[in-house]
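A short worksheet on the structure shown next.
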Amino acid sequence: MNWANDSSSKGFILLGFSDSPWLQMPLLVVLLISYTFTIFGNVSIMVVSILDPKLHTPMYFFLANLSILDLCYTTSTVPHMLANICLNKNTISYSGCVAQLIIFLALGATECLLLAVMSFDRFVAICRPLHYVIIMNRWFCLRMAAFSWLTGFSLSVLQSCLTLNMPRCGHREVDHFFCEVPALLKLSCADTKPIEAELFFCSVLILLIPVTLILISYGFIAQAVLKIRSSEGRRKAFGTCGSHMVVVSLFFGTVIYMYLQPPSSTSKDWGKMVSLFYGIITPMLNPLIYSLRNKDMKGAFKRLTYIANSHYKKIVPFHILIITIWNKWE
């Protein structure tokens, strides 16, 4: 039986919440709101990081990478989900499913590695400040970013090939909103344990190793922060590190729940909600956590909006509104 399993011509049927039609409208509202905030927040970070020379540092270089990644991450699934809900459809072509699976896996794996690199950057900045410029030099940052992207896409192609190569015996109904490994494995009519073991090994590499490095980095950061004599300084440092750890915990916790257990043991509806969380909610929260609580980013945004205001007088009301919103976070 070929690896397309007769799906290349017929595609797949995405069940989603088809057994609970009343959830379609709330899901549509959540998707629209979260996707809008994701686009606005991540595009803002990318533009500000590129245009403001004061933000041309390793921290904001990696933050811009994270914003690009999150924007592409949600775009790989959300627009198709919105179209299906609005048009009352539930299908996806085979090629569309393959592309969605590879891109979603690749960007998710890349984010795991990129978050680990960002935690290392903060560790060097706080625990080795005198060596920061030497360690986090331009070429090192470029290599770390390239390593994250290339490794993420390489592992994605491997996992996607293993998943799509399983015989499905004509099964086309994917009990999910989009094409994802656990949902596709459930379509198989053969023993999936060997494939699950290989996928588990890949997941350990891409999930447990980065999260361990992140915890170690923030452990050293916490020790350094405790040595700060100023209580105000300790409070701000712990506030920043705490908000970062919340994002890391939410993302890694939900992904580990989905990928480090057999697909058969995952609750059907709970698994869907968890995947929506790390695939949609976390990318929306990242700009809020990493930039709106960051004075450098807010200052850069203000400078750029004032420059734009001096050239385009028509944007004054919008400019005042945005500045007011950002000031609320100070």
Side-chain angles (χ1 to χ4, degrees), residues 38-39 41-50 55-79 98-125 135-164 178-181 198-199 201-214 217 244 247-248 250-252 254-256 258-259 275 278-280 282-287 289-291:
T38 299
I39 293 175
N42 287 293
V43 170
S44 298
I45 290 176
M46 287 186 286
V47 172
V48 172
S49 298
I50 293 171
L55 299 185
H56 292 176
T57 62
M59 174 182 174
Y60 296 103
F61 168 73
F62 293 124
L63 186 57
N65 271 266
L66 183 65
S67 295
I68 296 172
L69 190 153
D70 282 336
L71 188 59
C72 297
Y73 192 48
T74 54
T75 302
S76 67
T77 57
V78 173
V98 172
Q100 193 176 76
L101 179 65
I102 292 176
I103 294 172
F104 190 78
L105 274 177
L107 296 177
T110 303
E111 180 155 353
C112 293
L113 297 172
L114 196 58
L115 289 174
V117 173
M118 293 174 68
S119 70
F120 176 74
D121 172 71
R122 292 299 84 203
F123 161 75
V124 177
I135 297 174
M136 302 302 295
N137 60 73
R138 180 188 182 93
W139 290 111
F140 179 79
C141 294
L142 289 173
R143 284 195 294 267
M144 287 296 97
F147 170 78
S148 299
W149 286 90
L150 291 175
T151 304
F153 273 87
S154 299
L155 288 175
S156 171
V157 172
L158 174 61
Q159 288 185 309
S160 299
C161 289
L162 291 174
T163 302
L164 294 170
F178 51 88
C179 293
E180 195 175 17
V181 170
E198 295 177 12
L199 295 176
F201 177 73
C202 293
S203 299
V204 168
L205 290 178
I206 208 68
L207 291 173
L208 294 188
I209 293 179
V211 78
T212 301
L213 294 176
I214 290 172
S217 296
H244 291 184
V247 172
V248 169
L250 291 175
F251 179 75
F252 278 98
T254 51
V255 176
I256 287 172
M258 285 294 293
Y259 283 88
S275 64
Y278 64 72
I280 298 169
T282 303
M284 179 188 68
L285 294 178
N286 280 342
I289 299 298
Y290 284 105
S291 63

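Just so you know, these numbers come straight off a predicted model, no measurement behind them. Start at 1 with the first residue, then count along the sequence.
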Inset, instruction - Identify the two heavy atoms, one from Ile209 and one from Leu205, that lie closest to each other, and give their separation to 0.1 Å. - result: CB-O, 3.6 Å
Inset, instruction - Return the minimal non-hydrogen interatomic distance between Ser67 and Ile45, and the atom names on each side. - result: OG-CG2, 3.2 Å
Inset, instruction - Answer yes or no: is there a side-chain heavy-atom contact under 4.5 Å between Thr77 and Glu180? - result: no
Inset, instruction - Provide the closest heavy-atom pair for Leu101 versus Ser160 in the form atom of the first, atom of the second, distance. - result: CG-OG, 3.7 Å
Inset, instruction - Nearest 0.5 Å please: distance from the CZ atom of Phe178 over to the CD1 atom of Ile103. - result: 13.0 Å
Legend entry - Side chain to side chain, Phe123 and Leu213, heavy atoms closer than 4.5 Å: no
Inset, instruction - Would you give the length of the straight line joining atom CG of Asn65 to atom SG of Cys141, rounded to the nearest 0.5 angstrom? - result: 10.0 Å
Legend entry - Ser76 side chain vs Tyr73 backbone, donor-acceptor pair below 3.5 Å: yes
Legend entry - Thr151 side-chain N/O to Ser148 backbone N/O, donor-acceptor pair under 3.5 Å: no
Legend entry - Phe120 and Val117, any side-chain heavy atoms less than 4.5 Å apart: no
Inset, instruction - Would you check, one step at a time, whether the test side chain to side chain contact (heavy atoms under 4.5 Å, CB included) holds for Leu207 with Phe252? - result: CA-CA 7 Å; Leu207 291 173; Phe252 278 98; 4.2 Å; yes
Legend entry - Audit row: Leu162, Leu158, side chain to side chain contact (heavy atoms under 4.5 Å, CB included) steps and yes/no: CA-CA 6 Å; Leu162 291 174; Leu158 174 61; 4.3 Å; yes
Legend entry - Distance-minimising heavy-atom pair for Ile50 and His56: O-NE2, 2.9 Å
Legend entry - Atom pair OG (Ser217) and CZ (Arg122), whose distance is rounded to the nearest 0.5 Å: 11.5 Å
Legend entry - Smallest separation among heavy atoms of Cys112 and Ile206, with atom names: CB-O, 3.2 Å
Inset, instruction - Taking the side chain as every heavy atom from C-beta outward, state whether Ser156 and Phe104 have any pair of such atoms under 4.5 Å apart. - result: no
Legend entry - Atom pair CZ/OG1 of Phe153 and Thr110 - distance to nearest 0.5 Å: 6.0 Å
Legend entry - Shortest non-hydrogen contact from Met136 toward Pro58: O-CG, 3.5 Å
Inset, instruction - Determine the sole option in Val181, Ile102, Val98 for which the side-chain contact (heavy atoms from CB on, under 4.5 Å) test with Leu164 is passed. - result: Val98
Legend entry - Spacing of Asn286 atom CG and Thr38 atom OG1 [to the nearest 0.5 Å]: 9.0 Å
Legend entry - Tyr60 side chain reached by Val48 side chain, heavy atoms, under 4.5 Å: no
Legend entry - Leu69 side chain reached by Trp149 side chain, heavy atoms, under 4.5 Å: yes
Legend entry - Close side-chain approach of Trp139 to Leu142, heavy-atom, < 4.5 Å: yes
Legend entry - Note, Glu111 side chain near Tyr278 side chain (heavy atom, < 4.5 Å): no
Inset, instruction - Calculate, to the nearest 0.5 Å, the distance between atoms CG and SG belonging to Asn42 and Cys72 respectively. - result: 9.5 Å
